[in-house]
Amino acid sequence: MIEDEQRVADLIKRGLEEQGFRVTLAFDGEMGRKLALSKPYDLIITDIILPKINGLDLCKEIRSLYPSLPIIMLTALGTTDDKVEGFDAGADDYLVKPFELRELHVRIRALLKRNNLAVNNQGFILKYADLELNNQTKTVTRSGREINLTPKELKLLEYMMRNSERVLPRTEIAEKVWDAHFDTGTNFIDVYINYLRKKIDKDFAPKLIHTKPGQGFIFRSE
């Protein structure tokens, strides 16, 4: 865990250790980088505003070297734009301070469980219409053309492809893709749906992502 406020770091560390986790602390981005790259960890927790190396740059570097390593951002920056920036940097989850320790426990366990499932399913290729997602290489193509997606866009697309032709409420997408409860005060799910549409639908036919007013979204060929 990379957190520059020692009191906060000690409090979270103690709470996690009471749940059976082993926690290594770093108090700046440079120390966090050194530790993260020194040996394999099951999960990384990092703040965004850190001395020496900020959490966003740190997350990008760790993600480039360890594509499947779960990363949670804990930060006081809570706007939709902040969350989008965090997810684009490669974070798997984003928790805004202040938060309850038991919520962090739940999110950690969900990410660890999901990561184990992802490892077991490596190499599985998803196909729908002319769209193909390769989980092993983390590549997406449509009509033979490669499409570049961020890690979070890739996870969103994978979930929609695995649950094609049924309506997916925003609450379900938030829980299954972000491991989070849907906050009706933010629109980050709609933001990511729009990102995905521009990349996989804008220059292709038929359209695959559709909005169901008052219900959510559905992935199907129309």
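Hydrogens, waters and symmetry mates are skipped; everything else that's a heavy atom, side chains included, is used. Residue numbers run from 1 in the order of the sequence given.
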Looking only at heavy atoms, which two atoms of [X] and [Y] are closest? And how far apart?
| X | Y | answer |
| --- | --- | --- |
| G29 | L58 | O-CD1, 4.0 Å |
| I62 | A36 | CD1-CB, 3.8 Å |
| A89 | R63 | O-CB, 4.3 Å |
| A91 | C59 | N-SG, 3.5 Å |
| G55 | M73 | O-CE, 3.8 Å |

Using a strict threshold of under 4.0 Å (side-chain N to carboxylate O), is an ion pair present between R107 and E103?
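R107 and E103: salt-bridged.
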Could you tell me which residues satisfy side-chain hydrogen bond (donor to acceptor under 3.5 Å, both in side chains) with [X], sequence neighbours excluded, listed by chain and number?
| X | value |
| --- | --- |
| E61 | R33 |
| T79 | D82 |
| N54 | D57 |
| N163 | R166 |

Walk me through it: do L101 and Q19 pass the test side-chain contact (heavy atoms from CB on, under 4.5 Å)?
CA-CA 10 Å; L101 274 174; Q19 295 294 314; over 6 Å; no
Any residue meeting side-chain contact (heavy atoms from CB on, under 4.5 Å) with [X], in chain and number order, not counting sequence neighbours:
| X | value |
| --- | --- |
| S64 | none |
| L11 | R14 |
| D4 | D47, L50, P51 |
| E17 | K13, V23 |

Between [atom1] on residue [X] and [atom2] on residue [Y], distance to nearest 0.5 Å:
| X | Y | atom1 | atom2 | value |
| --- | --- | --- | --- | --- |
| E158 | L133 | CD | CG | 6.0 Å |
| E3 | I49 | CD | CD1 | 10.5 Å |
| K199 | L196 | NZ | CG | 8.0 Å |

Is there a side-chain contact between [X] and [Y] in this structure, where contact means two heavy atoms from C-beta onward sitting under 4.5 Å apart?
| X | Y | result |
| --- | --- | --- |
| D81 | V191 | no |
| V177 | K152 | yes |
| L126 | L131 | no |
| L35 | I2 | no |

Kindly say whether R7 contributes a backbone atom to a donor-acceptor pair with the side chain of E5 at under 3.5 angstrom?
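The answer is no, because no donor-acceptor pair under 3.5 Å joins these two groups.
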Could you tell me whether the side chain of N187 and the main chain of D190 form a donor-acceptor pair under 3.5 Å?
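Not confirmed, N187 side chain does not pair with D190 backbone.
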Under 3.5 Å, side-chain donor or acceptor atoms of residues 206-221 against the rest of the protein: list the pairs with distances, not counting sequence neighbours.
from	atom 1	to	atom 2	distance (Å)
K207	NZ	D201	O	2.4
K207	NZ	K202	O	3.3
K207	NZ	F204	O	3.0
H210	NE2	K207	O	3.0
H210	NE2	R220	O	3.0
T211	OG1	R197	NH1	3.4
T211	OG1	R197	NH2	2.6
R220	NE	E222	OE2	2.4
R220	NH2	E222	OE2	2.6

Go through the side-chain N and O atoms of Y128 and E165 and say whether any donor and acceptor fall under 3.5 Å apart.
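Yes, E165 and Y128 have a side-chain donor paired with an acceptor closer than 3.5 Å.
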Set of salt bridge (charged side-chain N to carboxylate O under 4.0 Å, His left out) partners for D130, sequence neighbours left out:
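Salt bridge (charged side-chain N to carboxylate O under 4.0 Å, His left out) list for D130, sorted by chain: R142.
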Sequence neighbours excluded, every pair satisfying ring pair (Phe, Tyr, Trp, His ring centres under 6.0 Å) that has a member inside residues 48-79:
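Passing the test, one end in residues 48-79: no pairs.
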Carefully, step by step, assess L77 and Y94 under the rule side-chain contact (heavy atoms from CB on, under 4.5 Å).
CA-CA 10 Å; L77 304 175; Y94 193 109; 3.7 Å; yes
Is there a continuous path of hydrophobic side-chain contacts, each under 4.5 Å between heavy atoms, that joins V106 to F99?
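In one cluster with V106: F99, no.
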Tell me every residue that passes ring pair (Phe, Tyr, Trp, His ring centres under 6.0 Å) with Y192, counting only those two or more places apart in sequence or in another chain.
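If we apply the ring pair (Phe, Tyr, Trp, His ring centres under 6.0 Å) test to Y192, skipping adjacent residues, the hits are W178, Y195.
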For the pair I108 and L16, evaluate side-chain contact (heavy atoms from CB on, under 4.5 Å) and give the outcome as yes or no after the intermediate values.
CA-CA 10 Å; I108 288 173; L16 293 178; 3.6 Å; yes
